[in-house]
Amino acid sequence: MDIKNQLENKNFILRQLNNNDFDLLYNIGKNKKIWEQHPESDRWKREKFNIFFNNGIKNIFGLYGIYDKSKNTIVGSTRYYSYSKKNNSIKIGFTFLTPEYWGTDTNLQIKTLMLGYAFNYVENIYFDIGKNNIRSRKAIEKIGATLHSDADIGNVLYILRFEDLKVINLGVIDEIKKNRSMEAS
């Protein structure tokens, strides 16, 4: 799977971050409220956030900063990870947004961008979410992902299959099918 350095729609830009962007992202990530339902609820601490950030930068697919085009400001981050050729899958996650964007369609727009691109390469997309992170679980269920596996503690795993897009219609189906047919020919 090739990864673009930037994905974009009319409202948001997902841009690959680098080491110099730590303070920019940490200015958002230091908000304790963001991590309340997260299994690592102290990720707002600089040393914990530094681990999160460095793991994202080292990730083979990088770490995307989420930018609001109308405000020209960063509002969160997300990433692709754990590509599996065998399972024809990739994971999307480690997503967080500043609370100002909660309850809006921002997460849907971001995930639509990422799904639209990833489904050109894979058939299955997984989302690893903390079992008690109800906010994230509801957000991912809104886009049509279904619970794949549950755990007593730790994380739950959701899945969205390409074939499911026919049902939820994220507005990217035609573009994906067009890209796939062009690659096949």
Side-chain angles (χ1 to χ4, degrees), residues 1-29 49 51-98 101 104-129 136 139-140 142-145 157-166 168-185:
M1 181 170 154
D2 293 327
I3 290 297
K4 287 186 174 182
N5 287 333
Q6 185 168 301
L7 301 172
E8 183 174 355
N9 68 15
K10 66 179 183 167
N11 298 312
F12 296 97
I13 295 174
L14 303 183
R15 182 183 60 81
Q16 290 288 343
L17 298 178
N18 61 51
N19 287 319
N20 297 327
D21 295 315
F22 175 82
D23 288 329
L24 182 67
L25 192 60
Y26 182 64
N27 282 333
I28 301 165
F49 194 84
I51 294 167
F52 163 82
F53 183 84
N54 286 332
N55 286 340
I57 295 295
K58 291 175 189 171
N59 173 33
I60 190 168
F61 299 109
L63 171 66
Y64 285 106
I66 303 168
Y67 292 84
D68 181 326
K69 290 168 86 171
S70 68
K71 295 181 180 181
N72 196 27
T73 187
I74 191 166
V75 299
S77 74
T78 192
R79 65 180 96 157
Y80 293 108
Y81 62 104
S82 295
Y83 171 74
S84 170
K85 188 174 185 176
K86 177 183 173 187
N87 295 326
N88 200 8
S89 67
I90 196 160
K91 289 183 179 179
I92 294 176
F94 293 94
T95 305
F96 77 90
L97 294 167
T98 185
Y101 289 82
T104 68
D105 69 347
T106 300
N107 188 56
L108 175 62
Q109 288 189 53
I110 298 312
K111 293 300 190 295
T112 299
L113 268 171
M114 296 180 80
L115 292 167
Y117 188 69
F119 275 132
N120 287 303
Y121 299 95
V122 298
E123 294 293 323
N124 306 295
I125 297 179
Y126 292 95
F127 305 89
D128 234 341
I129 301 172
S136 291
I140 216 65
K142 281 183 183 176
I143 67 165
L157 189 65
Y158 282 79
I159 187 169
L160 185 61
R161 295 175 181 90
F162 178 73
E163 63 195 45
D164 297 335
L165 287 179
K166 293 179 266 186
I168 61 172
N169 193 1
L170 289 175
V172 295
I173 300 167
D174 292 336
E175 183 179 331
I176 294 168
K177 286 181 179 176
K178 178 181 164 191
N179 289 341
R180 284 182 171 198
S181 66
M182 285 173 33
E183 287 176 14
S185 60

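Asn87 and Tyr126 form no side-chain donor-acceptor contact under 3.5 Å, judged by distance and modelled atom types alone. A donor-acceptor contact closer than 3.5 angstrom links the side chains of Lys111 and Asn107.
Aromatic ring pairs are classed by plane angle as parallel below 30°, tilted from 30° to 60° and perpendicular above 60°; the pair Phe61 and Tyr80 is perpendicular.
Looking at heavy atoms from C-beta onward, Ile74 lies out of side-chain contact with Arg15 at the 4.5 angstrom threshold. Taking the side chain as every heavy atom from C-beta outward, Leu63 and Leu25 approach each other to under 4.5 Å. You'll find the side chain of Ile143 reaches within 4.5 Å of the side chain of Phe127, heavy atoms only.
From Asp68, atom CG reaches atom CZ of Phe12 across 5.0 Å, with rounding to the nearest 0.5 Å. In this structure, Leu97 CG and Thr106 OG1 are separated by 6.0 Å, a value rounded to the nearest 0.5 Å. Distance check: Asn124 CG to Ile159 CD1 gives 4.5 Å after rounding to the nearest 0.5 Å. A distance of 11.0 Å separates CG in Asn120 from CG in Leu115, rounded to the nearest 0.5 Å. Atoms CG and CD1, from Leu160 and Ile140 in turn, are 8.0 Å apart once rounded to the nearest 0.5 Å. Distance CE/Met114 to CG/Leu7: 7.0 Å, rounded to 0.5 Å.
Residues Asn5 and Tyr64 come closest through the heavy atom pair O-CE2, 3.9 Å. Of all heavy-atom pairs between Tyr83 and Val122, the closest is CE1-CG1, 3.7 Å. Closest of all the heavy-atom pairs between Phe52 and Ser77 is CZ-OG, 3.9 Å. Nearest heavy-atom pair across Ile28 and Thr98 is CG2-CB, 3.8 Å. Taking every heavy atom of both residues into account, Asn20 and Asn18 meet most closely at N-OD1, 2.8 Å.
Lys69 places a side-chain N or O within donor-acceptor distance of the main-chain N or O of Asn9, the cut-off being under 3.5 Å. With Asn59 contributing its side chain and Asn55 its backbone, the two residues share no donor-acceptor pair below 3.5 Å. Not one N or O on the side chain of Gln16 forms a donor-acceptor pair closer than 3.5 Å with the backbone of Gln6.
Listed by chain and residue number, Tyr26, Phe49, Phe53 satisfy the ring-ring contact (aromatic ring centres under 6.0 Å, His included) test with Phe22 (two or more places apart in sequence, or in another chain). Under the ring-ring contact (aromatic ring centres under 6.0 Å, His included) criterion, Tyr81 pairs with Phe94, not counting sequence neighbours. The salt bridge (charged side-chain N to carboxylate O under 4.0 Å, His left out) search around Lys4 returns none, not counting sequence neighbours.
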Quiz item: Going through the distances and angles, do Thr104 and Gln109 end up as a side-chain contact (heavy atoms from CB on, under 4.5 Å)?
Solution: CA-CA 10 Å; Thr104 68; Gln109 288 189 53; over 6 Å; no

